[in-house]
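Here is how names work: the chains are called A, B, and so on, in the same order as the sequence lines, proteins then strands, and each is numbered from 1. All values below were derived from every heavy atom in this structure, side-chain atoms included, with hydrogens, water molecules and symmetry-related copies excluded.
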Amino acid sequence: MQNSYNPQQLEPIVQRDWERHQAFRVTEDERLEKFYCLSMLPYPSGRLHMGHVRNYTIGDVISRYHRMQGKNVLQPMGWDAFGLPAENAAIQNQVPPAQWTYENIRYMRDQLKRLGFAYDWSRELATCHPKYYHWEQWFFTRLFNKGLVYKKKAVVNWDPADQTVLANEQVIEGRGWRSGALVERKEIAQWFLRITEYADELLQDLGKLQGWPQQVKTMQANWIGRSEGIEIIFEVKNQAPVHVYTTRPDTLMGVTYMAIAPQHALATQAAEASAKIAEFIDLCKQMKASEVEAGTLEKCGIDTNLYAIHPLTDEKIPIWIANFVLIEYGSGAVMSVPAHDQRDWEFATKYRLPIKPVIYPTSDSTFVDISQGAFINQGWLRNSAQFDGLSSQQASEKIAAELDNKNKGCRQVNYRLRDWGISRQRYWGCPIPIINCDQCGAVPVPEEDLPVRLPEAIDFDGVTSPLKSLAEFATVECPKCRGAATRETDTFDTFFESSWYFARYCCVDNDISMLDERAHYWMPVDQYIGGIEHAVLHLLYARFFNKLMRDAGLCRNDEPFTNLLTQGMVLKDGTKMSKSKGNTVDPEGLIAKYGADTVRLFVMFVAPPHHTLEWSDAAVEGAYRFINKLWRLVENHAEAGVPSETLAINGLNEKQRGLRRKTHKTIKKVTDDIGKRYTFNTAIAANMELVNEMTSFEDASPQGRAVYHEALEAVVLTLAPILPHVCHVFWQKLGHAGPVHQARWPSIDLNTLKKGNFELVVQVNGKKRAIITIPTDAKNAHIEAIALNNENVQRFIQNKKVMKRIVVPGRLVNIVTT
RNA sequence: GCCGGGAUGGCGAAAUCGGUAGACGCGCCGGACUCAAAAUCCGGUUCUGGAAACAGAGUGAGAGUUCGAGUCUCUCUCCCGGCACCA
């Protein structure tokens with residue numbers, strides 16, 4: 001009586017075996033080719049969701065595949081452990097954030113272990129642990145000393161009830177998600193990292209990322225938003241000149257007014273002279289971030305009664321304050337050309353400002369239609385004095401040169417990317433290692449005083465960070481002058497932690513430095529796997545951080561992630577699985593019912609990794625059935641004993657050769673699918689095909705059993721990365737002493753793929769009419785003759801003249817008739 | 001509005017270089033085993049006609065290139081994702 005498949009019993013045994021042998025612990029070995037496979041680390045929210053399972057299964061399959069290729073594979077796991085949900089939980093459950101977080105980590109680590117992921121757990125890290133953030137603080141102080149960090153006032157979403165900054169995602173229809181209060185735009189002092197210093201390199205190096213999806217590279221390029229233009233100086237009587245940035249210098253002669261941001265210095269001055277202007281600026285301050293984002297804000301403005309001087313014509317240009325001009329982009333002032341910019345056109349039409357067309361559609365046109373909107377295309381210049389008759393491109397050159405001559409302007413590159421604001425007025429985060437001293441200003445905490453530990457035993461009322469009122473944390477001595485000083489109580493944006501964790505996995509145990517030579521061995525990450533939602537934020541920050549670490553001499557690689565795989569979302573009933581929608585499927589219940597292997601097989605089989613995955617209970621059953629079928633196949637085969645006879649390749653009969661051919665065809669396909677194409681679904685399908693063929697192969701002869709054995713081993717080996725537990729057991733049942741994860745990936749015997757005969761499709765005028773069997777070495781003329789003589793082909797070519805015969809060797813014959 | 005990705009049976013999908021459309025799985029239909037059920041096994045399953053052989057149609061719509069198009073080109077429709085007053 002054979003055993004039946006019992007994953008609940010089998011999987012823990014296999015997992016204990018891995019643990020006992022520390023099967024996936026790795027050390028640096030220069031003799032071996034390294035492979036660093038990394039999945040984005042999870043936030044310890046409490047339980048794993050199906051998105052995690054999918055992400056980590058993909059990573060595990062790739063890791064185990066490369067391990068079987070004989071590589072030294074590092075696959076670590078850790079916890080992105082700082083962040084808001086811990087604070088929310090603290091309010092709801094009266095549990096300190098630290099305790100809540102560490103409990104969740106313990107629970108989720110257990111869940112990951114039950115899924116059988118081949119992690120090197122000795123390298124586990126949690127970003128909320130002082131051993132981790134120590135080095136983040138240390139690195140921040142280096143950046144401070146290098147001048148890559150600065151503090152400035154910035155506009156934020158401010159919740160007046162909770163007295164705190166809100167992230168954009170926490171503003172719902174203009175109100176604070178928690179208090180319901182109308183969110184204000186407020187300027188507060190924040191720490192910034194000079195990511196714009198690296199804008200050009202971050203854009204340029206996208207070209208090096210051959211292993212990244214085009215979509216992600218395009219999104220990053222758009223986010224960086226490089227544009228080339230000219231900065232032009234407009235003199236203002238009795239005032240400092242106003243700088244404007246434009247990408248269309250060819251339209252300069254069409255400027256009829258200037259628009260400045262409400263926060264512009266000139267606007268502030270004008271407000272001092274006029275109550276009406278002050279009132280308007282106040283109004284602008286109240287405009288909601290949400291409206292600005294939605295683009296629904298109505299354009300409005302007010303005349304300052306000031307005039308700028310046109311740099312080429314010396315004309316007087318009225319200066320308006322306009323709510324749509326952004327202080328953050330360019331210089332916070334725009335030269336308005338209403339004839340050729342839609343936004344300027346709308347504003348000019350509303351306030352009856354003059355509109356002067358200077359760009360015309362063709363070189364000889366005398367009319368341009370601007371009655372319904374601006375003419376925004378390039379064209380030919382008119383009404384532009386000495387530039388008349390030039391094309392937009394020629395005029396841009398000439399005007400730029402002219403401005404340069406007069407010292408009134410120069411070429412400039414602008415970026416949409418802004419410096420990265422990293423201050424958060426939150427408790428559960430890494431303390432910013434700065435001491436504020438009245439005498440010395442902002443002083444970085446000295447190396448020997450690091451880390452600045454976040455007090456974990458605190459009372460948390462949820463409204464403001466307890467750090468703000470914790471005297472023993474905030475009151476310190478200035479490291480420079482030894483006078484009384486206060487500690488910075490803001491914490492880092494949690495993206496700060498996730499921007500360098502990949503490097504720290506190489507040397508988590510190092511207590512004396514951030515990184516060491518082990519990082520040179522493992523970095524860069526060969527394969528990174530994660531959600532597309534991080535396309536710009538995390539993946540841009542991590543690239544930036546890697547360049548900062550490189551420039552600090554901590555690592556050598558320019559880019560952190562050589563290949564990137566972005567997996568699709570997991571949906572149920574057509575929408576993303578989420579707690580708020582109540583449509584989650586708990587992986588834990590599935591593991592309990594079917595075992596980890598079934599769950600892994602399902603997520604890998606049902607869709608290719610980058611597709612969204614629609615949940616299906618029935619498909620899980622299907623995956624479970626396949627493993628059971630495989631189990632019976634192995635049991636039946638092993639029951640009769642492992643065949644002692646070795647394969648006599650040249651003595652096989654037709655059927656035996658057929659199964660061998662299928663076996664090696666399958667190995668070839670699976671190797672390509674997992675190793676190169678990342679199409680795990682088709683790799684599984686190919687194995688299912690082979691299994692189906694094995695089912696109908698009945699041959700108990702010694703050679704028949706040997707052929708069957710080879711086929712079964714191929715299935716077990718090539719499915720081992722996906723079904724590690726059951727294949728571990730299968731491998732033993734097939735008579736092997738060592739574990740399957742240490743076995744080598746099967747090799748392909750190309751000779752088996754050769755066939756004596758092959759089937760060829762015959763088409764008449766592109767339509768399939770017959771399938772003929774042809775000897776492999778048949779000449780084209782011979783093939784044509786057989787094709788033409790085919791009975792069914794004859795039916796379609798009789799009474800017609802054969803015009804052309806196309807023979808594609810190994811594929812088809814197409815006969816073209818009149 | 002701009003950028004990117006899609007659209008293939010009842011469903012998830014496959015077709016890797018322009019060469020048999022629908023592999024594999026789910027579901028469904030029929031059969032075997034069984035007192036019965038579950039499980040398992042066998043057969044069928046794009047649509048239309050036909051007992052079958054086979055024929056006709058067919059990859060969002062329309063055109064084009066080609067002996068041959070799911071695949072390439074153009075136009076359009078719809079869906080998904082990202083960005084958006086960026087000067």
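Side-chain contact, A/Asn792 with A/Arg795: a donor N or O sits under 3.5 Å from an acceptor N or O. Of the N and O atoms on the side chains of A/Glu346 and A/Gln342, at least one donor lies less than 3.5 Å from an acceptor on the other residue. In this structure, a donor-acceptor pair under 3.5 Å is absent between the side chains of A/Ser227 and A/Asn414. Using modelled atom types, one finds no donor on one side chain facing an acceptor on the other under 3.5 Å when comparing A/Asp341 with A/Ser336.
Counting atom types as modelled, A/Lys804 pairs no side-chain N or O with a base atom of B/C67 as donor and acceptor under 3.5 Å. A donor N or O paired with an acceptor N or O is not found under 3.5 Å between the base of B/C17 and the side-chain atoms of A/Arg811. Side-chain to base pairing of A/Lys669 with B/U16: one donor and one acceptor N or O lie within less than 3.5 Å of each other.
Applying the Watson-Crick and G-U wobble criteria (two distances, each under 3.5 Å), B/C78 pairs with B/G6. Across all strands shown, B/A21 has no partner, as no Watson-Crick or G-U wobble contact with both distances under 3.5 Å is found. Checking B/C28 for Watson-Crick or G-U wobble geometry (two distances, each under 3.5 Å) identifies B/G44 as its partner. Pairing partner, B/C83: B/G1, with both Watson-Crick or wobble hydrogen-bond distances short of 3.5 Å. Pairing for B/C54 is with B/G49, a Watson-Crick or G-U wobble pair whose two hydrogen-bonding atom distances lie under 3.5 Å. Nucleotide B/U73 is matched to B/A63 when pairs are restricted to Watson-Crick or G-U wobble geometry with both distances under 3.5 angstrom.
As rounded to the nearest Å, B/U73 and B/G5 have P atoms that lie 12 Å from one another. Taking the P atoms as reference points, B/G68 lies 15 Å from B/G58, given to the whole Å. Across B/C3 and B/C74, the matching P atoms stand 14 Å from one another, rounded to whole Å. Between B/G22 and B/G12, the distance separating the two C1' atoms is 13 Å to the nearest Å. To the nearest whole angstrom, the two P atoms, one in B/G64 and one in B/C26, are 43 Å apart. Rounded to the nearest Å, the gap between the P atom of B/A69 and that of B/A61 is 15 Å. Comparing B/U34 with B/A38, their C1' atoms sit 10 Å apart, to the nearest whole Å. Here, B/A14 and B/C24 have their C1' atoms 8 Å apart, quoted to the whole Å.
Remark: A/Asn692 is in phosphate contact with B/G25, judged by side-chain N or O atoms under 4.0 Å from OP1 or OP2. Between A/Arg769 and the phosphate of B/U20, there is no side-chain N or O to OP1/OP2 separation shorter than 4.0 Å. Contact check, A/Arg248 against B/C86: no side-chain N or O comes under 4.0 Å of OP1 or OP2. Within the 4.0 Å cut-off from OP1 or OP2 of B/A87, at least one side-chain nitrogen or oxygen of A/Tyr329 is found.
The side chain of A/Tyr245 lies closest to B/A87 when the candidates are B/C24, B/A87, B/A14.
Atom C1' of nucleotide B/U40 and atom CD of A/Glu635 are separated by 16 Å, given to the nearest angstrom. The distance from atom CD1 of A/Ile224 to atom P of B/G82 is 19 Å, rounded to the nearest whole Å. The interatomic distance linking A/Arg625 (CZ) with B/A38 (P) rounds to 13 Å, in whole Å.
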**Study point:** Stepwise side chain to side chain donor-acceptor pair (under 3.5 Å) test for A/Asp673 and A/Thr682
**Key:** CA-CA 7 Å; A/Asp673 284 353; A/Thr682 53; 2.8 Å; yes

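Counting any heavy atom pair closer than 4.0 Å across all strands shown, A/Val808 reaches a base atom.
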